[in-house]
Amino acid sequence: MMRRYQILLYISIRRRCARTHGRAPPNPMRDLPRFLRYFRRRPGAYTAGFCAMLASTGLFLAMPGVVRRAIEELGAGVTRERLFRLAGVIVLLAVGDAIALFLTRRILIGASRDIEYEMRRDLFDHLLRLPPPWYRKNRVGDLMSRAVNDLSAVRMLLGPGIMQAANTLFVGIAALALMFSVSPPLTLVALAVFPVIAIATKVMGQATHRRFTKIQEFFSEISAEAQENFSGVRLVRAFAREKSEEARFDANNREFRRRNLGLARLNALFFPLLQFLVGVGFALTLWAGGRFILAGKLSVARYVEFNLYMLELIWPAIALGWVVNLGQRGAASWNRMVDLWDAMPLPAEEDTGERLPGDVEFRELSFAHGERSILTGVSLRVAAGTTVAIVGRTGAGKSTLLNLLLRLDDPPAGTIFVGGRDLTTIPLPVLRRNVAAVPQETFLFSDTLANNVAFGRPDATRAEIERAVQDAGLAPDVARFPKGLDTIVGERGITLSGGQKQRTALARALLTDAPILVLDDAFSSVDTETEAKILEGLKGAAGGRTVFLVSHRLSTLQNADVAAVLDGGRVVETGTHAELLAMGGLYAAIAERQRLAEEMEAA
Amino acid sequence: MAETPHEEETLGKAFEPRLVRRLFSLARPYRRYASGAVVVLLLESFAQLASPLLTAAAIDLLFSKEKTGAGGAARGVDGFFRFFGVDLHAGHGIEWIAALSILMATFAFVFMMVMVWWTSTMGQGVMFDLRTRIFAHLQQADIALYDRTPVGRLMTRLTTDVDALNELFTSGFVALLGDVAVLAGIVAILFTLDTTLAAITFAILLPMLWVTNWFRKGARDTYRDVRVKIARVNAFLQEHISGIGIVQLFRREAVARQRFAEVNDAHRKANIDSIFYYSVFYPALDFLSAVGMGSIVWYGGGEVIRGRMTLGAVVAFLQYSKRFYRPLMDLSEKYNILQAAMASSERIFQLLDERPSITAPEHPVVPEEPLRGDVAFEDVRFSYTAGEEILKGVSFHVEPGRTVALVGATGAGKSTILNLLLRFYDVTGGRVLVDGTDVRRYDPVDLRKHFGIVLQDTFLFTGTIADNVSFFDPEMARARIEEACLEVGLGPLLARIPGGLDAKLSERGGGLSVGEKQLVAFARALARDPRVLILDEATSSVDPETERTIERAVERVLAGRTSIVVAHRLSTIVRADRILVLSHGEVKESGTHAELLAEDGLYARLYALQLKDREAAA
């Protein structure tokens, strides 16, 4: 009867703690079924883990009882052999406990790592399938923070969080029950401090976390500023701004120190406070216990036993506050991850491997980003094997037109046809197989040159890669690299020049041997002469390849079979280079300016 | 975020006298905090160690049936109270002992708090000073240092390496003393209570130390392994999220998925390896402490039977044996902290020891006010690395207010000329003169105040447009900033962008177009009304409208000042007072546009080539 009352009291304390938490950030976990699915996949691990934990708790808490027995028997004239046996029992219990504890950690933390692995894998799978427009709305930094920080917070909840919660529950209940069996009134005295310990941990842990997060934010600011100073060192020196930069840094540095000290002050309070509370707890039980002993209501042996149980309660009490914070952080992080899960992925479509004819038609294509109209009634027919230049001022809609062809944006049905088929009815993998692109901004991976070129066709032979490199005009550069095609590029390897990067990207596109090639201002960093050679080569090697190209350069434009001039989202002129110049319209004007600009570029 | 593991992670010794001396010198301004913390810490250790003694005393003095059997601990406590005139046997003994316990706990609490507060003040202070020193040092360091050191590495010095010292000062030196004090205290007390039992209890220490050492090494290695693996996971993620467009365009999803599974799994394996150490270590400790407890019960109990020890002393032993583990564990942590601190401080000191070679002379010539702006190169030679001469005797003279355009292929030496004029580097031969005086005789900071510069790669800072134009100079008048902006043609932008001059630009001028960024850079140079303007024209193509605005801005900026321009625009070149055609580090031709055409040399041929293109186009 009494014992049950005790446990109820304990549980109600727990619940009260939980309730105050629920209030602070009112965000219950969303998409719980998805969360639980990870657990359900491994029921054995969690059952086994909890069983091991129960065993450990039982064995561990059996020890103080043996100590009490020893002390009791000391008073009743015990033999050394008997004492040796009692000590032996303690050691045996300890062996069992050690094994059970090992299994608990191994199984439960191991399971949380497995779940982490699966969550990260699923998240990446999901990210791979999210459509390009979604990526334009989300910054890489934010996504990384979800995939790294939030995932890790969820993992903490799944592993150490759940383990400590269960441990707190088992040890807490068992130790309290045992304490109660020794002396109910003494237990009540002891209980005066333990809830305070749990609440203190919780409150201070939360405050620490808040301050820490703020410091981290400030830290990224201060580092960004210092980094700018270092990167812009030439400007700082040329403008003789060293002193004011130092002053600016100093102000930030001071603020950073101030905030850090704020956190340190909090930390300075935390552990001493816990220690103090524990100390007070023991002093109180010493006082109360002492009175009971003197009154003959409690034996010294039982008092010692009680003390040993109390020692075991310290950690669960601290862990309780800690676990609650872990749970809150984990839940908040999980909810941020659910935002990602909620984004609609592209449907999975089958790659039939078919090859489309290279003719392309835009039919009365209009397209808008929200309110802003980008393209209006664009109609253009491009026969297979033609090279078509898309010309126009910045913002005329050139890139949007090409993005729609690549389905980086979704065109309305019935406006774009490839090989006579409506673009929206062609499965995405098939379209990707048939349209290769060199985007405006070159992106290469930190990998070998060969792997970068073979990015779209990992099965390509060495000869095929070399051929693509040759066609892209990159061969002479590769010959000069230390390890040729096996040279690693990017952060971990050599830095390529802008022109080399663009030509690598071209080789990558050429290797896919797609019937349609889209070059969006892909040669801006390649010199005119090299560009002309590449384009010449493309025509030879193309063999009926349809090429779309955006460029400002005259030499490039001259190379095209036909040009379409965009202005304000409409096609305003079409024709060959000579025809358009003769027309004396927008094309001629753009060409004239460009010619002037180019004239001196070579000088 | 995504830490890249690199060669800098290798750790060496945990103690290097040379470095430790320098580290101590950093703490000198805070020595009061340090010595205060040590005193407080010793008091705290003392207060902390009292509690088991008090329990022992209570048991022996008050609870035991034979009151004569008080052990050393009990007698000590009894004596303590007698000193204050309190007789524990007079009925309120338990209250006195409990009160003293609470008092000790309070002392421990206050002392500990003060200790952490002082050591943090010291640690944060040392870090603050170091960051200030590193930053200031880098403001004076040679440009050559920046040219050969990646910015990321400089950032590591300023952030990660400095942070590694924090622990050394906050939880390193002082806490080390504290742990030693607690351990010594426990040893002393236990040996006073009973020599043999103390020896038995400490025998347990040996395997504990061994297990801890095993754990420390294993956990550190696996921890590093985990960090390397998570860095790979994050680098992979970062790369594939940044390049998601390429991944999707090239149907690379399946391969990416499979490769990610590999790095992800390597990370999981590394973690599971590290779980092994943790899951063996803690149970092993519990086990050893249980063995210790068993031995105490067995031997101590025997001694109690024989009347050679009191029950209170045995209980005190039990309690102390549970307490000496934490400081021991801390000590082994300290080893890792020290090791990391040594490696970091070595790198920081290395940077700070590097003396700049481009400095002001002892008695610098003060530039004329205002500077006339007469620039001359006299047979200037220069090489970045010995044997590879970039400039092979370049001479030219720019009269005040005139414009010189430098023309030539990449690598001809155009940017080097600008570097030498700004004294980012010093010539290896010949002289660079400003107003007839060798630039090396000026204080570089004084001289540069008269220069304005627009770089090829437009570099803007995080801050408002006004901040960028004034370059964070609080003294520059608002009107001046506005005027400069309007002069270069930023009017339409300021009218359009919310906030105008106070519009926040994100990193590197994000939110502005390439052309607009260039215009802000022009305004920045113009706002200071420099006598000498240095312009490295950007090559990136902009649309014709913007091009026209920029041309006008260039014209405006160059007007009336000595200007040295690395030119790419025809308009700039044609308008220059003189054109220098550079090739392989030498001035091949020099003259006005008309003169050079008449000369029928390199320049004329370049120009003719373009002319042919024009005819073909027409």
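The chains referred to below are lettered A, B, ... by the order of the sequence lines, with proteins before strands, and numbering in each begins at 1.
Residues A/Leu286 and B/Ser101 meet the side-chain proximity criterion, which asks for heavy atoms closer than 4.5 Å. A/Lys243 places none of its side-chain heavy atoms less than 4.5 Å from the side chain of B/Val445. For the pair B/Glu253 and A/Arg432, the minimum side-chain heavy-atom distance is 4.5 Å or more. Looking at heavy atoms from C-beta onward, A/Phe249 lies out of side-chain contact with B/Gln139 at the 4.5 angstrom threshold. Residues B/Leu422 and A/Arg237 fail the side-chain proximity criterion, which asks for heavy atoms closer than 4.5 Å. Within the 4.5 Å cutoff, the side chain of A/Leu261 has heavy atoms near those of the B/Ser120 side chain.
If you measure heavy-atom distances from A/Arg106 to chain B, the contacts under 4.5 Å come from both the backbone and the side chain. When heavy atoms are compared at a cutoff of 4.5 Å, B/Arg423 does not approach chain A at all. For a residue to count as touching a neighbouring chain, one of its non-hydrogen atoms must lie under 4.5 Å from one of that chain's; by this rule A/Arg85 does not touch chain B. For B/Tyr299, the parts lying near chain A are the backbone and the side chain together; criterion is any non-hydrogen pair under 4.5 Å. With a threshold of 4.5 angstrom between heavy atoms, A/Tyr135 approaches chain B through side-chain atoms but not through N, CA, C or O. Only the side chain of A/Ile71 comes within contact range of chain B, judged by heavy atoms closer than 4.5 Å. Both the backbone and the side chain of B/Val280 have a heavy atom closer than 4.5 Å to some heavy atom of chain A. Heavy atoms closer than 4.5 Å to chain B are found in both the backbone and the side chain of A/Arg120. Residue B/Asn419 touches chain A through its side chain alone, counting heavy-atom pairs closer than 4.5 Å. In this structure, chain A has no heavy atom under 4.5 Å from any part of B/Leu447. Of the atoms belonging to B/Val297, heavy atoms from both backbone and side chain fall under 4.5 Å from chain A. Of the two parts of A/Glu245, the backbone and the side chain both hold a non-hydrogen atom closer than 4.5 Å to a non-hydrogen atom of chain B. At a 4.5 Å heavy-atom cutoff, the contact between B/Gln140 and chain A is made by backbone and side-chain atoms alike. With a threshold of 4.5 angstrom between heavy atoms, A/Ser244 approaches chain B through side-chain atoms but not through N, CA, C or O. For B/Val233, the part sitting under 4.5 Å from any heavy atom of chain A is the side chain, from C-beta outward, and nothing else. Only the side chain of A/Asp351 comes within contact range of chain B, judged by heavy atoms closer than 4.5 Å. Neither the backbone nor the side chain of B/Asn166 comes within less than 4.5 Å of any heavy atom in chain A. Only the side chain of B/Ile244 comes within contact range of chain A, with at least one heavy atom under 4.5 Å from a heavy atom of that chain. With a threshold of 4.5 angstrom between heavy atoms, B/Val247 approaches chain A through its backbone and through its side chain. In this structure, the portions of A/Val95 lying under 4.5 Å from any heavy atom of chain B include both its backbone and its side chain. When heavy atoms are compared at a cutoff of 4.5 Å, A/Arg254 approaches chain B by way of both its backbone and its side chain. Interface remark: A/Leu311 contributes side-chain atoms only to the contact with chain B (heavy atom separation under 4.5 Å). Proximity to chain A (any heavy atom under 4.5 Å) is restricted, for B/Leu455, to the side chain, taken from C-beta onward.
B/Arg251 and A/Pro429 make their closest contact through CD-O, 3.2 Å (heavy atoms, listed as atom of the first residue, atom of the second, distance). Looking at every heavy atom in both residues, A/Phe256 comes nearest to B/Arg131 through CD2-NH2, 3.3 Å. In terms of heavy atoms, B/Gly302 sits closest to A/Leu83 at N-CD1, 3.2 Å. Shortest non-hydrogen contact noted between B/Phe287 and A/Ala98 is CB-CB, 4.1 Å. Between B/Leu237 and A/Ala147, the closest heavy-atom pair is CD1-CB, 3.7 Å. Minimum interatomic distance between B/Gln248 and A/Leu127 (heavy atoms only, all atoms of both residues): NE2-O, 4.3 Å.
Few gaps surround CH2 on B/Trp117; more than 12 heavy atoms of other groups in view lie less than 6.0 Å from it. Around the CZ atom of B/Arg257, the shell of radius 6.0 Å holds more than 12 heavy atoms that belong to other residues, nucleotides or ligands.
Between B/Asn264 and A/Arg121, the side chains place no donor N or O within less than 3.5 Å of an acceptor N or O (distance only, hydrogens not considered). Judged by distance alone, the side chains of B/Thr132 and A/Asn253 do bring a donor and an acceptor atom under 3.5 Å apart.
In this structure, the separation between CZ on A/Phe443 and OG on B/Ser242 is 5.0 Å, given to the nearest 0.5 Å. Between the CZ atom of A/Arg113 and the CD1 atom of B/Ile275 there is a distance of 6.5 Å, given to the nearest 0.5 Å. To the nearest 0.5 Å, the span separating CZ on A/Arg234 from CZ on B/Phe424 amounts to 6.0 Å. With values rounded to the nearest 0.5 angstrom, B/Leu249 atom CG is found 9.0 Å from A/Leu428 atom CG. B/Thr121 contributes atom OG1, which lies 8.0 Å from atom CZ of A/Arg265 (distance to the nearest 0.5 angstrom). With rounding to the nearest 0.5 angstrom, the CG atom of A/Leu269 is 12.0 Å from the CE atom of B/Met112.
Seen from the ring of B/Phe250, A/Arg508 counts as a face-on cation partner, given the 6.0 Å and 45° thresholds. Judged by a 6.0 Å distance limit and a 45° cone about the ring axis, B/Arg252 is positioned over the six-membered ring of A/Phe455. Geometrically, A/Arg105 does not engage B/Tyr278 in a cation-pi contact defined by less than 6.0 Å to the ring centre and at most 45° from the axis.
When each of A/Ala268, A/Ala94, A/Ala87 is checked for heavy-atom pairs under 4.5 Å with chain B, A/Ala268 comes out on top. Ranked by heavy-atom pairs under 4.5 Å with chain B, the list A/Phe219, A/Phe84, A/Phe102, A/Phe282 is led by A/Phe102. With respect to chain A, the highest number of heavy-atom pairs below 4.5 Å among B/Phe111, B/Phe260, B/Phe451 belongs to B/Phe260. By number of non-hydrogen pairs under 4.5 angstrom with chain A, the leading residue of B/Ser51, B/Ala284, B/Ala261, B/Gly300 is B/Ala261.
Between A/Phe124 and B/His240, the angle of the ring planes goes over 60°, which puts this pair in the perpendicular group of the 30/60° scheme. By the 30° and 60° cut-offs, the orientation of the rings of A/Phe230 relative to B/Tyr146 is tilted.
Proximity of a side-chain donor or acceptor of A/Gln275 to a complementary backbone N or O of B/Ala108 within less than 3.5 Å is not detected.
The aromatic ring centroids of B/His267 and A/Tyr117 lie 6.0 Å or more from each other.
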**Message:** A/Arg241 vs B/Asp473, test: side chain to side chain contact (heavy atoms under 4.5 Å, CB included). Steps then yes/no.
**Reply:** CA-CA 8 Å; A/Arg241 301 306 305 165; B/Asp473 184 352; 3.2 Å; yes
* To do: Kindly determine whether B/Ile102 and A/Trp287 satisfy side chain to side chain contact (heavy atoms under 4.5 Å, CB included), including the steps that lead there.
  => CA-CA 10 Å; B/Ile102 290 182; A/Trp287 167 72; over 6 Å; no
